[in-house]
A.B. asks: 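Sharing a structure below in structure tokens format, with a few things to ask.
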Amino acid sequence: MKEYNVAVVGATGAVGNEMIATLEHRKFPVKKLTLLASSRSVGKTLEYKGMDIDIEELKEDSFKGIDIGLFSAGGSISEKFAPIAAASGCIVIDNTSAWRMDPDVPLVVPEVNEHAIKDYTKKGIIANPNCSTIQMVVALKPLHDAAKIKRIVVSTYQAVSGTGKKAIDELEKQVLAIYNNKPLETKVYAHQIAFNCLPHIDAFLENDYTKEEMKMVNETKKILEDNNIQVTATTVRVPVFYGHSESVNVEFEKDLSPDAARKILKKAPGVKVVDNPSKKLYPLAIHAAGKDETFVGRIRRDESIPHGLNMWIVADNIRKGAALNAVQIAEVLIKKYL
Ligand code: A2P
């Protein structure tokens, strides 16, 4: 089997770490793995297949001889370095929001629009969608095919790991400070996150939505390739370490009963239905953490409209919402296009 030189950009971060683990556990055919981060991390190593690999500083010449670059070091790094990498022949799979809405960059969730990957040739960049969008479209695509979605109203309950390692540390420190009656430090978020919910993810825009909310609106349309779908979102950060949960209300053109939806979802790729309320079974972030699937439950009719369903969708934001989706894209890329 052909092997590829792979670089992880942002290797020391929460998503970068998971990318390294995902490459290993999915047995991605890696010839050489290059780990890139800032100059702060030079001198450190990370483990891959039992070997300690040195972290190198990300520089303009880091991509010589690299076939595939998995980027997760922030939007400004991707804006600058993705074109540099692509110019040297490296295909970039970018986990940031920098390139997602570029018409020449495919935005891909393999279970939903794998075929879009072919357009990687336009810029040499493939974008990985926003974590909360990925899990929602994995669950909604098969329902859209069956009954055509008119409108989506989504509210999210997003884990701190989506903000990165610093945020995981901040929640842990705040919880400890509260238990120990110590003064509390708030650096990463605008307000205390421990024992709190923040209706504020990413920056506020002129229309009073946050960037995160508009990512869900715009990315959903691009991935489902349907600009007629109406989407409105409220995104909330909650004091959970791993796993995003979402309350999703969907209005369809045709009738779709909860049973029919469950039947479709049971066969859908990447989806696991957990929906037995009488046994107190429904998707939970603590169960989704460390898993690859998108979990769907609490499927019930929206009794206020003719063709509506409500559901609860949960997935590990670092896995399916980031690292796993990126590696799945790389798998399709090498299988079908390289
Ligand atoms: P470093 O650890 O050297 O700062 P997270 O999203 O979990 O906070 O991780 C961010 C990732 O992006 C880390 O691997 C971090 O590396 C990397 N990163 C941040 N700034 C830069 C930069 N200027 N150049 C390269 N990598 C960077």
Side-chain angles (χ1 to χ4, degrees), residues 6-24 33-48 52-64 66 68-86 88 90 92-100 125 127-132 134 158-174 185-190 193 198 201-203 211-212 215 235 237 239-244 289-290 316-327:
V6 177
V8 176
V9 180
T12 52
V15 173
N17 266 275
E18 191 63 35
M19 280 171 167
I20 298 165
T22 306
L23 288 168
E24 181 170 345
L33 184 64
T34 301
L35 301 182
L36 301 166
S38 77
S39 56
R40 295 179 288 275
S41 296
V42 172
K44 293 185 194 160
T45 60
L46 283 168
E47 207 183 297
Y48 169 72
D52 288 329
I53 300 187
D54 292 328
I55 313 282
E56 297 170 38
E57 181 182 354
L58 172 66
K59 289 189 183 148
E60 300 201 357
D61 64 359
S62 296
F63 298 96
K64 280 187 193 136
I66 306 279
I68 298 171
L70 303 173
F71 277 55
S72 187
S76 57
I77 298 289
S78 290
E79 253 166 52
K80 177 176 172 194
F81 284 94
I84 292 172
S88 75
C90 164
V92 172
I93 300 174
D94 182 30
N95 191 53
T96 76
S97 62
W99 298 95
R100 288 179 190 150
I125 304 171
N128 209 33
N130 169 258
C131 43
S132 32
I134 292 179
Q158 298 184 216
V160 295
S161 52
T163 318
K165 251 188 176 150
K166 302 171 296 295
I168 299 173
D169 293 345
E170 179 151 308
L171 174 57
E172 205 168 84
K173 281 188 193 145
Q174 288 184 353
E185 248 189 26
T186 291
K187 278 196 199 149
V188 176
Y189 296 116
I193 182 66
L198 310 177
I201 300 183
D202 208 332
K211 270 191 186 168
E212 185 81 353
K215 283 176 209 164
T235 57
R237 189 73 67 191
V240 165
F241 285 112
Y242 294 98
H244 288 355
D316 185 323
N317 53 299
I318 298 296
R319 284 204 175 198
K320 185 55 192 165
L324 171 65
N325 199 71
V327 174

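Whatever order the structure lists them in is the order used to number ligands and atoms, beginning at 1. When a residue number appears, it is its place in the shown sequence, counting from 1.
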A.B. asks: Can you tell which of Val9, Ile53, Thr45 makes a side chain to side chain contact (heavy atoms under 4.5 Å, CB included) with Leu35?
C.D. replies: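 Of the listed options, the one satisfying the test is Ile53.
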A.B. asks: What does the 4.0 Å heavy-atom contact list look like for ligand 1?
C.D. replies: Gly10, Ala11, Thr12, Gly13, Ala14, Ala37, Ser38, Arg40, Ser41, Leu58, Ser72, Ala73, Ile77, Gly164, Lys165, Lys166
A.B. asks: Tell me, please, which residues at least two apart from Ser62 pass side-chain contact (heavy atoms from CB on, under 4.5 Å).
C.D. replies: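 Listed in chain order: Leu36, Leu58, Lys59.
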A.B. asks: Is it true that a side-chain atom of Lys165 and a backbone atom of Thr12 form a donor plus acceptor pair closer than 3.5 Å?
C.D. replies: yes
A.B. asks: Are any of the side-chain heavy atoms of Lys215 and Arg100 separated by less than 4.5 Å?
C.D. replies: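 Yes, their side chains come closer than 4.5 Å.
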A.B. asks: Just jot down the ring pair (Phe, Tyr, Trp, His ring centres under 6.0 Å) partners of Phe63, sequence neighbours excluded, or say none.
C.D. replies: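 Scan of Phe63 (ring pair (Phe, Tyr, Trp, His ring centres under 6.0 Å), adjacent residues dropped) gives Phe71.
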A.B. asks: Checking Arg319 now: which residues fulfil salt bridge (charged side-chain N to carboxylate O under 4.0 Å, His left out) with it, not counting sequence neighbours?
C.D. replies: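 Here the qualifying residues are Glu18, Asp292.
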